[in-house]
Amino acid sequence: MTHIPAITGTGVYTPEATISNAELVEAFNAYADRWNAENAAAIAAGELTAKDHSSEEFIVKASGIEQRYVMDKTGVLDPARMYPALRQRSDEEPGIMTEMGADAARKALAQAGREGHEVDLVICAASNMERAYPAVAIELQKELGCTGFAFDMNVACSSATFGIQAAADMIRAGSVRRALVINPEICSGHLEWRDRDCHFIFGDVATATLIEPASQAKGPRFDIRSTRCATTFSNNIRNNNGFLRRSRPDGVADRRDMQFMQNGRKVFKEVVPMVGEHILGHLAEEGIDPEALKRLWLHQANKSMNDFIGRKVLGRPPEPDEQPNILQDYANTSSAGSIIAFSKYSDDLGEGDLGLICSFGAGYSVGSVLVERHA
Ligand code: CO8
């Protein structure tokens with residue numbers, strides 16, 4: 001017997017600390033001035049290039065981002081440090097990703113009227129894991145009192161939608177009863193805050209999505225009509241950190257490519273058409289006219305990127321309520337972005353309304369989830 005999988009709960013964990021663009025730019029410029037002073041001789045000799053100041057106007061115009069939430073603000077804004085200062089935990093206490101993810105998951109469970117022991121699949125889907133093993137998902141399983149099994153997966157910004165596809169397929173097939181897809185994203189840990197081309201892009205958050213058979217939903221639900229995932233290799237978004245780090249000739253050096261790197265212009269140009277075609281292809285396969293979509297919950301990387309994609313899908317500029325953005329408040333939170341938008345802007349949809357969640361990013365990867373609202 002096949003089941004129709006449905007989203008019955010979502011949750012968002014939002015860190016307490018925010019960094020405004022003004023605070024970010026002030027810290028970066030202090031760092032740049034300091035670096036330029038320290039390297040004045042090499043800059044004068046033409047061996048190094050002086051670092052230019054960042055600007056609030058550029059950040060808002062290029063991205064639409066106004067602030068971001070972070071797990072630690074002091075380390076990031078310290079011009080002598082420029083990365084988060086996180087409390088070191090013993091192996092006996094829950095990891096930081098588990099703590100953030102469990103908070104989001106408890107909110108998703110509460111919304112669905114479920115408890116941890118009723119869940120028998122936990123997927124921790126995120127763009128980086130705080131350790132190699134044991135899987136963060138298994139620690140989340142323990143923390144939430146879930147049964148069954150759990151595993152980690154990483155498809156960068158598309159981790160949430162790819163995780164939803166995996167969970168929905170297992171529910172459809174009957175191999176699991178109920179699944180939590182959890183996305184703890186500590187982007188501040190792998191962002192290079194000393195690079196003005198990208199220092200404004202990311203923020204921290206965790207999201208969770210509960211999926212169960214539609215027939216068992218206790219309240220309003222979004223049936224997952226279908227999912228569509230696609231990947232095509234690109235080096236334009238890359239992070240070379242990994243377990244072979246110490247085997248490289250330069251050992252554990254603090255190399256720039258051990259953090260997030262991207263060719264932002266190329267990403268913009270290549271990913272926008274790819275996503276537009278992906279969504280239109282998904283809708284065509286389902287025989288759905290794009291105008292029938294009540295809402296698009298897009299990945300939250302860049303406001304103009306989303307405007308272009310919305311125009312391509314609908315054939316006209318989307319109304320603000322058709323395609324809500326949260327990136328002005330959260331910045332890019334990698335895989336969590338489209339789920340934050342879905343979680344905050346989906347309650348008002350009516351019986352039978354259709355919407356589409358879509359993420360895209362490194363890989364390249366694109367994932368879309370077509371959902372239908374039922375009371
Ligand atoms: N302040 C002032 N000027 C600046 C700044 C700044 N902060 N930064 C750059 N400039 C300057 C540049 O030097 C450049 O100057 P010039 O013209 O003299 O060379 C000029 O401004 C224009 O720079 P860009 O061409 O870079 O500016 P864009 O208009 O292209 O905007 C963006 C840059 C916002 C990055 C844009 O290209 C963009 O959003 N691209 C898409 C990015 C994207 O979606 N990436 C997805 C990556 S996320 C993902 O897949 C998940 C990865 C895992 C998570 C990682 C967590 C850390």
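Because the structure is a prediction, the values reported are computed rather than measured. Just so you know, ligand 1 is whichever comes first in the structure, and atom 1 is the first atom listed for that ligand.
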Regarding atom 20 (C) of ligand 1: of the candidates F202, F28, F58, which has the closest heavy atom?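 Heavy atom nearest to atom 20 (C) of ligand 1 belongs to F58.
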
Taking atom 52 (C) of ligand 1 as the point of reference, which of S55, G361, C157 owns the nearest heavy atom?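 Selected option, by shortest heavy-atom distance: C157.
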
Name the residue from L298, V313, L283 that meets the side-chain contact (heavy atoms from CB on, under 4.5 Å) definition with L356.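 Testing L356 for a side-chain contact (heavy atoms from CB on, under 4.5 Å) against L298, V313, L283 leaves exactly one candidate, L283.
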
Are any of the side-chain heavy atoms of R114 and Q216 separated by less than 4.5 Å?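 Side chain of R114 against side chain of Q216, heavy atoms only: contact under 4.5 Å found.
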
With backbone taken as N, CA, C and O and side chain as the heavy atoms from C-beta onward, which portion of [X] lies under 4.0 Å from ligand 1: side chain, backbone, both, or neither?
X: I237; answer: side chain
X: E185; answer: neither
X: C187; answer: both
X: A62; answer: both
X: A362; answer: both

Under the 4.0 Å line, does any protein heavy atom show up next to [atom]?
atom: atom 26 (O) of ligand 1; result: no
atom: atom 18 (O) of ligand 1; result: no
atom: atom 50 (O) of ligand 1; result: yes
atom: atom 35 (C) of ligand 1; result: yes
atom: atom 40 (N) of ligand 1; result: yes
atom: atom 13 (O) of ligand 1; result: yes

Look at the side chain of H299 and the backbone N and O of F360, then say whether any donor-acceptor pair between them is shorter than 3.5 Å.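 Side chain of H299 to backbone of F360, a donor-acceptor pair under 3.5 Å: yes, one is there.
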
Tell me whether E66 contacts the main-chain N or O of Q328 through its side chain, where contact means a donor paired with an acceptor under 3.5 Å.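 No: the side chain of E66 does not pair with the backbone of Q328.
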
I'd like to know if [X] pairs up with [Y] as an ion pair, taking the criterion as any Lys NZ or Arg NE/NH1/NH2 lying under 4.0 Å from an Asp or Glu carboxylate oxygen.
X: R131; Y: E139; value: yes
X: E130; Y: R89; value: no
X: E291; Y: R316; value: yes
X: D348; Y: R295; value: yes
X: D223; Y: R221; value: yes
X: K107; Y: D103; value: yes

Does an N or O from [X], backbone or side chain, lie closer than 3.5 Å to an N or O of ligand 1?
X: Q262; result: yes
X: G264; result: yes
X: H299; result: no
X: H53; result: no
X: N332; result: no
X: S127; result: no
X: S63; result: no

Cationic tip of R265 above F268 ring, under 6.0 Å, 45° of axis: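 No cation-pi geometry.
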
More than 12 heavy atoms of other residues, nucleotides or ligands under 6.0 Å from CD of E38: is that the case?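 Yes - once you tally the heavy atoms of other residues, nucleotides and ligands closer than 6.0 Å, there are more than 12.
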
